[in-house]
Number of protein chains: 2
Amino acid sequence: MTPTTNARPTIIDVAARAGVSKSLVSLVMRGERTVSDEKRALVLAAAAELGYRPNAVARSLVRRRTNLFGVILSDLHNPFFAEVIDGVQEAAGAEGYRTIISTVNLSPAAEQRALDTLLELRVDGLILASPMFGVQSIAAASRELPMVLVARRSDVPRVDSVTNDDPTGARLVMEHLANLGHRRIAHIDGGRGAGAAERREGYERSMAERGLAEFVHVVPGSYTEEGGRHGVEALLAAGGPRPTAIFVANDLAALGALAVLAERGIRVPQDVSIVGYDNTSLAALRHINLTTVDQPRPDMGREAVALLLERLAGRREAARHVLVTPTLVVRGTTAPPNEG
Amino acid sequence: MTPTTNARPTIIDVAARAGVSKSLVSLVMRGERTVSDEKRALVLAAAAELGYRPNAVARSLVRRRTNLFGVILSDLHNPFFAEVIDGVQEAAGAEGYRTIISTVNLSPAAEQRALDTLLELRVDGLILASPMFGVQSIAAASRELPMVLVARRSDVPRVDSVTNDDPTGARLVMEHLANLGHRRIAHIDGGRGAGAAERREGYERSMAERGLAEFVHVVPGSYTEEGGRHGVEALLAAGGPRPTAIFVANDLAALGALAVLAERGIRVPQDVSIVGYDNTSLAALRHINLTTVDQPRPDMGREAVALLLERLAGRREAARHVLVTPTLVVRGTTAPPNEG
DNA sequence: GTGAAAGCGCTAACAT
DNA sequence: ATGTTAGCGCTTTCAC
């Protein structure tokens, strides 16, 4: 009745109250079925009266595992990660693991600190959804615990990865545009962003395969709104006939592209079609309604957890690299070219 | 050299290697200055050679504190929270606290589970940025540790809160619109969203103060894109002269409003001005460029941490409710009314 | 300045 | 089915 006492009840208090040993309390708390109904009820009652709550810290110490997975995100603001986390938490929770998320705002120093902290916390596995880590940091950490990279891969020996199949994604985009009748298709590159090179190569290969090599037009950009704006400006400044369709490296950059086009009075999709990549929640906004490529982000999170669990079960030594398949989401920014 | 051995080095291994007692190692690892330079170097060298990393679990057990703050978020997808977290992590980190984030996707059951887990983990303080928790859950948890609510308040005795001053925010919006010359100003309500009632009341009060009571027009909505769409549809279906400006309860709903207006060929801001609330990153996108009210989200996160630290220092018993001041961000969706 | 010893709250043999 | 015992890896008196 007096919750003001600072010391929380321990397993010993419960044992005393129930008149049993603390091992018995432990068994009951962990749901072991080898306890008689009578004693179990006794223990449960005592625990409830005392407001007992098991101490995960003590348990982790003796069990030498925390049932915690660490997740390091470069950037919480990118809606991409929020959905990966959804999948991670769901899959982890189902196996009795909790998730502890660290965000590092694109700062390498903060990344290293976050990594060290998680290792001191003795998380049982690590998910890195952050493109900046140096290979040596990854290699060092991989010696201490199971690790998986999301949306990036590396060839560090025991480090798994789950990435989306960017070449396929790019091919889906190109197929869609070509089927609509586009030939003069440009690409705004994603710079150093994860998967950007694959998307660009997919674009170039598709153009070649369709006999459109002469129309290949790649301008530099990045995975940011600004990157998309500059890309479109470069395209418009390039002279020659305007492309009838633009494949932009990701959604955020596609938004930048849309902004510039709107400012210039160039209508989408009547005058030019736009396709993004990622299908972030932005793309689905009615006011934006962007045709884009969906990466199954929750699936990617779930896969990452599955890889961790495999390793924890000791079922595997070699690195595994899971490739998830993207799909095209057709919305309102693509249409047949307006042959003027 | 053989990192394959499963057992990580402990403080005892380091002590043995350095030829000192484990207490000494402990002193060195914690940066105590009472150690001779000679021994310190010895210990540090031994630790480095072994790849020793302090075990936070063991430390937490004996110190009876984890230096961890828990954060429960209803929804990671809402960009509002991402920035609150930034402030939280910054302020907490500066005081040696780490943050562990749990997301609960708007599910009350998941909320309770997340809460229980964090309590078992023995976090030293809890930040709730989640509007759904029942008062009794909050009250129960508040007996076990310091707690602060973000973007919501409650009158549970020892529970602090940090919220934005919604009445002031609403007043800023109304002042802006009135100064532009608007009189026929409508409001799309935020339903049960946190702060929605205050925003609506602020709207109504401002209208009355300006002698615009006859033009008060509130339609139901919610903090979602759909809520904004329905709101505008209701407004347009209402008959009578169309409002020249609409104050929408939050940014996401404002986006819904913009979408419907665009579909109907109603130009913003020429035909109607739109104002949102929150200044989420969406609003700043060039393609959207929404006039809105900024809540200083990182500040709110920092304040939340400050409140927790105050309580941990035992400096306060009574609840404190911090109100942060919003500011108006004028962008491209507002202009003087087009008197036709 | 350094070491020895006790104990944080729990689990996991091992007994019984 | 239940109790006893010995730690988990660290911090913290308290001696020296």
Side-chain angles (χ1 to χ4, degrees), chain A residues 5-44 46-47 50-68 96 117 119-124 144, chain B residues 5-44 46-47 50-68 96 117 119-124 144:
Chain A
T5 174
N6 230 338
R8 306 200 224 194
T10 75
I11 201 172
I12 294 188
D13 300 321
V14 178
R17 176 116 185 183
V20 300
S21 76
K22 61 180 185 153
S23 328
L24 223 210
V25 177
S26 174
L27 290 174
V28 172
M29 295 319 287
R30 283 177 292 137
E32 292 286 347
R33 19 164 56 287
T34 63
V35 182
S36 69
D37 289 350
E38 182 197 14
K39 297 273 186 181
R40 152 170 285 112
L42 220 51
V43 168
L44 256 17
L50 258 30
Y52 171 73
R53 195 184 288 284
N55 184 328
V57 176
R59 182 193 311 141
S60 294
L61 181 60
V62 56
R63 302 209 47 205
R64 271 116 149 227
R65 53 186 287 190
T66 52
N67 277 284
L68 246 33
T117 304
L119 291 174
E120 291 192 8
L121 251 25
R122 296 299 194 260
V123 295
D124 294 336
E144 301 192 33
Chain B
T5 174
N6 231 336
R8 307 199 223 194
T10 74
I11 201 171
I12 295 188
D13 300 321
V14 178
R17 176 116 185 181
V20 301
S21 74
K22 60 179 185 153
S23 327
L24 223 210
V25 177
S26 175
L27 290 173
V28 172
M29 294 320 287
R30 282 176 293 133
E32 291 286 348
R33 20 168 54 287
T34 62
V35 183
S36 69
D37 288 351
E38 182 197 13
K39 298 272 185 179
R40 150 169 288 114
L42 219 53
V43 168
L44 256 18
L50 259 30
Y52 171 73
R53 195 184 289 284
N55 184 328
V57 176
R59 182 193 311 139
S60 294
L61 180 60
V62 56
R63 302 208 48 203
R64 271 113 150 234
R65 55 186 287 191
T66 52
N67 278 297
L68 245 33
T117 304
L119 291 174
E120 292 191 9
L121 252 25
R122 297 299 195 260
V123 296
D124 294 337
E144 302 193 34

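The chains referred to below are lettered A, B, ... by the order of the sequence lines, with proteins before strands, and numbering in each begins at 1.
By the side-chain hydrogen bond (donor to acceptor under 3.5 Å, both in side chains) test, B/Ser26 is found to be paired with B/Arg30, residues two or more places apart in sequence or in another chain being considered. Applying the side-chain hydrogen bond (donor to acceptor under 3.5 Å, both in side chains) criterion to A/Thr66, with sequence neighbours excluded, gives A/Asp124. Among residues two or more places apart in sequence or in another chain, the salt bridge (Lys or Arg N to Asp or Glu O under 4.0 Å) test is passed with A/Glu144 by B/Arg8, B/Arg53. The side chain to side chain contact (heavy atoms under 4.5 Å, CB included) search around B/Pro54 returns A/Glu120, B/Met29, B/Tyr52, B/Arg59, not counting sequence neighbours. The side-chain hydrogen bond (donor to acceptor under 3.5 Å, both in side chains) search around A/Arg63 returns none, not counting sequence neighbours. Among residues two or more places apart in sequence or in another chain, the side chain to side chain contact (heavy atoms under 4.5 Å, CB included) test is passed with B/Ser23 by B/Ser21. Every residue two or more places apart in sequence or in another chain that forms a salt bridge (Lys or Arg N to Asp or Glu O under 4.0 Å) with B/Arg17 is listed here: B/Glu49.
The CZ atom of A/Arg33 sits 15 Å away from the P atom of D/dT2 (whole-angstrom rounding). The nearest whole Å value for the distance from the CZ atom in B/Arg59 to the P atom in D/dC8 is 19 Å. A/Arg63 has its CZ atom 14 Å from the P atom of D/dG9, to the nearest Å. When the C1' atom of D/dC10 is taken as reference, atom CD1 of B/Ile11 falls 6 Å away, rounded to whole Å. Summarising the geometry, the separation between CZ on B/Arg64 and P on D/dC10 is reported as 18 Å, rounded to the nearest angstrom. Atom pair B/Leu61:CG and D/dT12:C1' shows a separation of 13 Å (rounding to whole Å applied).
Residue A/Arg122 holds its CZ atom at 13.0 Å from CG of A/Leu68, rounded to the nearest 0.5 Å. With rounding to the nearest 0.5 angstrom, the CG atom of A/Leu121 is 10.0 Å from the CG atom of B/Asn67. Annotation: the span from B/Asp37 atom CG to B/Leu44 atom CG amounts to 11.0 Å, rounded to 0.5 Å.
The overall bend of the helix from C/dG1-D/dC16 to C/dT16-D/dA1, read as the angle between its terminal helix axes built from five base pairs each, is 30° when rounded to 10 degrees.
With a heavy-atom cut-off of 4.0 Å to chain B, the contacted part of DNA chain C has its first and last nucleotide at C/dG1 to C/dG9.
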Find every protein N or O atom lying less than 3.5 Å from an N or O atom of nucleotides 14-16 of chain D, and list the pairs.
none

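Within the 4.5 Å cutoff, side-chain heavy atoms of A/Val35 are placed close to those of A/Leu24. A heavy-atom distance below 4.5 Å is not found between the side chains of A/Val28 and A/Lys39.
Within residues 19-30 of chain A, the residues that place at least one heavy atom under 4.0 Å from DNA chain D are, in residue-number order, A/Val20, A/Ser21, A/Lys22, A/Ser23, A/Leu24. Near DNA chain D, defined here as any heavy-atom distance below 4.0 Å, the residues from residues 50-58 of chain B are B/Tyr52, B/Pro54, B/Asn55, B/Ala58, listed numerically.
Checking B/Val35 against B/Val62, the closest nucleotide of DNA chain C that is more toward the 5' end is the one next to B/Val35.
Between D/dT2 and A/Ser36, a contact under 4.0 Å exists linking OP1 or OP2 to a side-chain N or O.
The main-chain N or O of B/Leu61 is never found under 3.5 Å from a side-chain atom of B/Arg64 such that the two would form a donor-acceptor pair.
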